[in-house]
Colleague: 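Take this structure, written in C-alpha cells, and hold onto it; I'll ask about it next.
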Amino acid sequence: FLLGDATRAERALLQATSKAPVDPLAYRYLADAAERLGHVAAAVDALVRYAALIDDRDIDPSINERLARLEQRLGRG
C-alpha cells in the first residue's frame, strides 16, 4: 500500500480500476486495501473482478478461500 496508508491506496486503486485497460493485479490490491479498511463488499467485488480477468489455471486457490470467507462476513455464504 502507499506507505501503509490503506485509505489513499484504496482511492488510488479505485481510480486505476476505473479506466480500461485494467491490470488484474490492481483489483487484487484493491481487495487488500478495502478489506483492511473493513470495506468487505468492495473487497468481494474487487476479488470477483480480479478472478474474471485471470485464467482459471493462474488463480491461487487462496483467492477462492478468501472470497468465501469474505462472503460469509457479508452473510452470503
Side-chain angles (χ1 to χ4, degrees):
F1 302 126
L2 298 172
L3 301 174
D5 187 341
T7 301
R8 283 184 47 211
E10 183 183 45
R11 194 174 318 124
L13 289 160
L14 282 168
Q15 281 187 327
T17 57
S18 69
K19 301 174 204 151
V22 176
D23 181 336
L25 280 177
Y27 284 118
R28 188 168 177 176
Y29 297 146
L30 176 56
D32 293 345
E35 184 177 7
R36 180 180 250 184
L37 292 167
H39 303 160
V40 179
V44 167
D45 181 65
L47 283 178
V48 167
R49 291 173 186 263
Y50 168 74
L53 293 173
I54 297 296
D55 188 305
D56 287 341
R57 294 171 295 178
D58 295 332
I59 292 181
D60 184 323
S62 68
I63 294 298
N64 291 327
E65 294 166 9
R66 181 177 174 195
L67 189 54
R69 180 177 44 78
L70 288 169
E71 287 182 334
Q72 275 189 323
R73 287 177 59 188
L74 289 175
R76 296 183 192 168

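All residue numbers in this chain count up from 1 along the given sequence. All heavy atoms count here, side chains included; hydrogens, waters and symmetry mates do not.
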Colleague: Hydrophobic cluster membership, with links at side-chain heavy-atom distances under 4.5 Å among I/L/V/M/F/W/Y: are Tyr27 and Leu74 in one?
Modeller: yes
Colleague: Working to the nearest 0.5 angstrom, can you tell me the gap between Ile63 CD1 and Leu47 CG?
Modeller: 5.5 Å
Colleague: Do you know the tightest heavy-atom contact between Ala33 and Ala6?
Modeller: CB-O, 3.9 Å
Colleague: Just distance, no hydrogens or angles: give the donor-acceptor pairs under 3.5 Å from side chains in residues 16-26, sequence neighbours left out.
Modeller:
from: Thr17; atom 1: OG1; to: Leu13; atom 2: O; distance (Å): 2.9
from: Thr17; atom 1: OG1; to: Leu14; atom 2: O; distance (Å): 3.2
from: Ser18; atom 1: OG; to: Gln15; atom 2: O; distance (Å): 2.7
from: Asp23; atom 1: OD1; to: Leu25; atom 2: N; distance (Å): 2.9

Colleague: Please report the interatomic distance OH(Tyr50) to CG(Asp60), rounded to the nearest 0.5 Å.
Modeller: 7.5 Å
Colleague: Count I, L, V, M, F, W, Y as connected when their side-chain heavy atoms are under 4.5 Å apart, and connections chain through other members. Are Val40 and Val48 then in the same cluster?
Modeller: yes
Colleague: Under the side-chain contact (heavy atoms from CB on, under 4.5 Å) rule, what do Arg49 and Leu30 come out as? Steps first, then yes or no, please.
Modeller: CA-CA 10 Å; Arg49 291 173 186 263; Leu30 176 56; over 6 Å; no
Colleague: Quick check for you: to the nearest 0.5 Å, what is the distance between Arg73 atom CZ and Arg69 atom CZ?
Modeller: 7.0 Å
Colleague: Which distance, rounded to the nearest 0.5 Å, do you find between the NE2 of His39 and the CG of Asp45?
Modeller: 13.5 Å
Colleague: Output the distance between atom CG (Leu53) and atom CG (Asp58), rounded to the nearest 0.5 Å.
Modeller: 12.0 Å
Colleague: Answer with yes or no whether the hydrophobic clustering places Ile59 together with Leu70; edges join I, L, V, M, F, W, Y residues whose side-chain heavy atoms lie under 4.5 Å apart.
Modeller: yes
Colleague: State, to 0.1 Å, how close Ala42 and Ala34 come at their nearest heavy-atom pair, and which atoms those are.
Modeller: CB-CB, 4.0 Å
Colleague: Arg66: what forms a salt bridge (charged side-chain N to carboxylate O under 4.0 Å, His left out) with it, not counting sequence neighbours?
Modeller: Asp32, Glu35
